[in-house]
2 protein chains.
Amino acid sequence: MKITQEADYAIRIMIHLSTLGKGHIVDAATISENEGVTLRFTLKILRKLCKENFIRSHRGVNGGYSLLKNPDEMSLKDVIEVIDGHFAINKCLRDENACNLGRTATCNAHEALRDIQDLLVQEFDKVKFSQLINK
Amino acid sequence: MKITQEADYAIRIMIHLSTLGKGHIVDAATISENEGVTLRFTLKILRKLCKENFIRSHRGVNGGYSLLKNPDEMSLKDVIEVIDGHFAINKCLRDENACNLGRTATCNAHEALRDIQDLLVQEFDKVKFSQLINK
DNA sequence: TTAAATTGTACCAAAAAGGTATACTTTTAT
DNA sequence: ATAAAAGTATACCTTTTTGGTACAATTTAA
């Protein structure tokens, strides 16, 4: 019942970029040093964030990465999902066929879990990066 | 961000026992067959539930397991914690020293995550096994 | 006493997570 | 033009967690 370490790192990285502000370019090495994530792993995460258009990369000398979205339009949910995929607090909530008893439709626990999950996702989505920066 | 498969099984097992009612003895093999969990694994889970006094065991011929608690006094939270341990949606919420930057005290995300976790645990605790049985 | 049941410990294998390496390609300041 | 700075892509390796199994021992009703 944890977000992954990688998602934790992604949050740090996005806080870093959000603090600098939209459009400000910073290189991977600087992020890596400040956020305590190895350079290679930082790059891997940055690539995923690029792919989902949260940030963009700038190649060549003096290149780096910059924020594409507004901090108040990105939530913890958004960033966590980039790394960990869609939220699913039990496997039957990701895939109805995952239940080895094929009982999803009639399982009383299933409904309860789905309600909890919906609420959880909602809460993660309430937290925007604009709230997470020291300004 | 998932409960473990084992916790899922534990929930099934406790629903099974709750349906039979407090004090009713059923053997592990019957539970195993009905809930789609291998006998050995069922036994392992039952042992953990015993240790935490959710159920008790009856050894010898015609032995088995029976519920000790009232279904309306046991929640999903209770059973999940027996198997997965305390809820922690990020490692810094299980152990303050887990942050490799030692930043827990000043991390803005930390507070937000703690709030979400508290709410999550509350929701899991709201769901009692008495609601999960077909009666 | 014996068959049916649980107990406890230890072990094993598969999957997921975390992290690294290598060999590129692109960009751009000079 | 070109070399250095930067990102790209893919693949690999290691560790941890999870899921599951084995086996010998113990208990007890009949």
Side-chain angles (χ1 to χ4, degrees), chain A residues 1-13 17 25-33 35-66 68 80 82-85 88 90-91 94-95 98-100, chain B residues 1-13 17 25-33 35-66 68 80 82-86 88-91 94-95 98-100:
Chain A
M1 208 64 194
K2 281 205 308 285
I3 62 170
T4 61
Q5 179 70 65
E6 191 178 358
D8 173 313
Y9 290 161
I11 292 169
R12 297 184 194 186
I13 290 171
L17 284 159
I25 298 173
V26 61
D27 66 292
T30 302
I31 297 175
S32 160
E33 284 157 28
E35 304 307 327
V37 185
T38 65
L39 178 59
R40 298 279 188 190
F41 208 30
T42 301
L43 286 166
K44 189 178 190 172
I45 294 165
L46 286 167
R47 226 173 296 130
K48 290 182 185 177
L49 291 165
C50 262
K51 206 166 171 182
E52 300 303 320
N53 296 113
F54 283 70
I55 61 178
R56 62 163 294 205
S57 68
H58 304 262
R59 307 182 73 158
V61 178
N62 298 328
Y65 296 86
S66 67
L68 272 181
I80 292 169
V82 168
I83 306 298
D84 292 349
N90 197 13
K91 65 176 182 180
R94 181 166 323 204
D95 172 14
C99 181
N100 71 341
Chain B
M1 206 65 195
K2 282 205 307 283
I3 62 170
T4 61
Q5 178 70 66
E6 192 178 0
D8 174 313
Y9 290 160
I11 292 169
R12 297 184 194 186
I13 290 170
L17 283 159
I25 297 174
V26 61
D27 65 291
T30 302
I31 298 175
S32 161
E33 284 157 27
E35 304 307 326
V37 184
T38 65
L39 178 59
R40 299 279 187 189
F41 208 30
T42 301
L43 286 166
K44 187 179 191 171
I45 293 164
L46 286 167
R47 230 172 292 131
K48 291 181 184 176
L49 291 166
C50 262
K51 206 165 170 183
E52 300 302 319
N53 295 114
F54 283 70
I55 61 180
R56 61 162 296 204
S57 67
H58 305 261
R59 305 184 72 158
V61 177
N62 299 326
Y65 297 86
S66 65
L68 272 182
I80 292 170
V82 167
I83 305 298
D84 292 350
H86 284 302
I89 64 173
N90 197 12
K91 65 175 181 177
R94 181 165 322 202
D95 172 13
C99 181
N100 69 342

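So that the names make sense, note that chain A is the first sequence line, chain B the second, and so on, each numbered from 1.
The nearest heavy atom of DNA chain D to A/A29 and to A/K2 marks one nucleotide each, and the one closer to the 5' end goes with A/A29. The residue among B/G60 and A/Y65 whose nearest nucleotide of DNA chain D is located toward the 5' end is A/Y65. Each of A/I3 and A/R47 was matched to the nucleotide of DNA chain C holding its nearest heavy atom; the match closer to the 5' end belongs to A/I3.
Between B/T4 and D/dT17 there is no side-chain N or O to OP1 or OP2 distance below 4.0 Å. The side chain of A/T38 places no N or O atom within less than 4.0 Å of a non-bridging phosphate oxygen (OP1 or OP2) of C/dG18. Within the structure, a side-chain polar atom (N or O) of A/S57 is placed less than 4.0 Å from OP1 or OP2 of D/dT8. Regarding contacts with the backbone of D/dG20, a side-chain N or O of B/Y9 is found under 4.0 angstrom from either OP1 or OP2.
Spacing between atom NZ of B/K48 and atom C1' of D/dG19 amounts to 10 Å, rounded to whole angstrom units. Straight-line distance from the CZ atom of A/R12 to the P atom of C/dG18: 12 Å, rounded to whole Å. Rounded to a whole Å, the CD1 atom of A/I45 is 17 Å from the C1' atom of D/dA9. Between A/K91 atom NZ and D/dT18 atom P the separation is 14 Å, expressed in whole Å. Regarding B/L39, its CG atom lies at a distance of 8 Å from the P atom of C/dT6, rounded to whole Å. For the pair B/M1 CE and C/dA17 P, the interatomic distance rounds to 13 Å; values are reported in whole Å. Atom CG of B/L46 and atom P of C/dG8 are 13 Å apart (whole Å). B/H58 places its NE2 atom 17 Å from the C1' atom of D/dT26, with the value rounded to the nearest Å.
Note that the OH atom of A/Y65 and the CG atom of A/L43 stand 5.0 Å from one another [nearest 0.5 Å].
A heavy-atom distance below 4.5 Å is found between the side chains of B/E6 and B/F41.
Side-chain proximity of A/F41 to D/dT21, D/dT8, C/dG19: nearest is C/dG19. Of all nucleotides listed (D/dA30, C/dG8, C/dT26), D/dA30 comes nearest to the side chain of B/N62. If you check D/dG19, D/dT21, D/dG7 against the side chain of A/L43, the one that comes closest is D/dG7. Checking D/dG19, D/dG7, D/dA9 against the side-chain heavy atoms of A/R59 singles out D/dG7 as nearest. Relative to the side chain of B/V61, the nucleotides D/dT21, C/dA29, D/dT28 differ in distance, and D/dT28 lies closest. Checking D/dT21, C/dT7, C/dA4 against every side-chain atom of B/K44, the shortest atom distance belongs to D/dT21.
In terms of heavy atoms, B/G36 sits closest to B/R12 at O-NH1, 4.1 Å.
The backbone N or O of B/M1 sits nowhere less than 3.5 Å from a side-chain atom of A/D84 that would complete a donor-acceptor pair.
For A/R40 against C/dT22, a side-chain-to-base donor-acceptor contact under 3.5 Å is present.
A salt bridge is defined here as a Lys NZ or Arg NE, NH1 or NH2 lying under 4.0 Å from an Asp or Glu carboxylate O, and A/D95 with A/K91 fails to meet this definition.
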Checklist entry - Going through the checks in order, is the side chain to side chain contact (heavy atoms under 4.5 Å, CB included) test met by A/N90 and B/I11? => result CA-CA 12 Å; A/N90 197 13; B/I11 292 169; over 6 Å; no
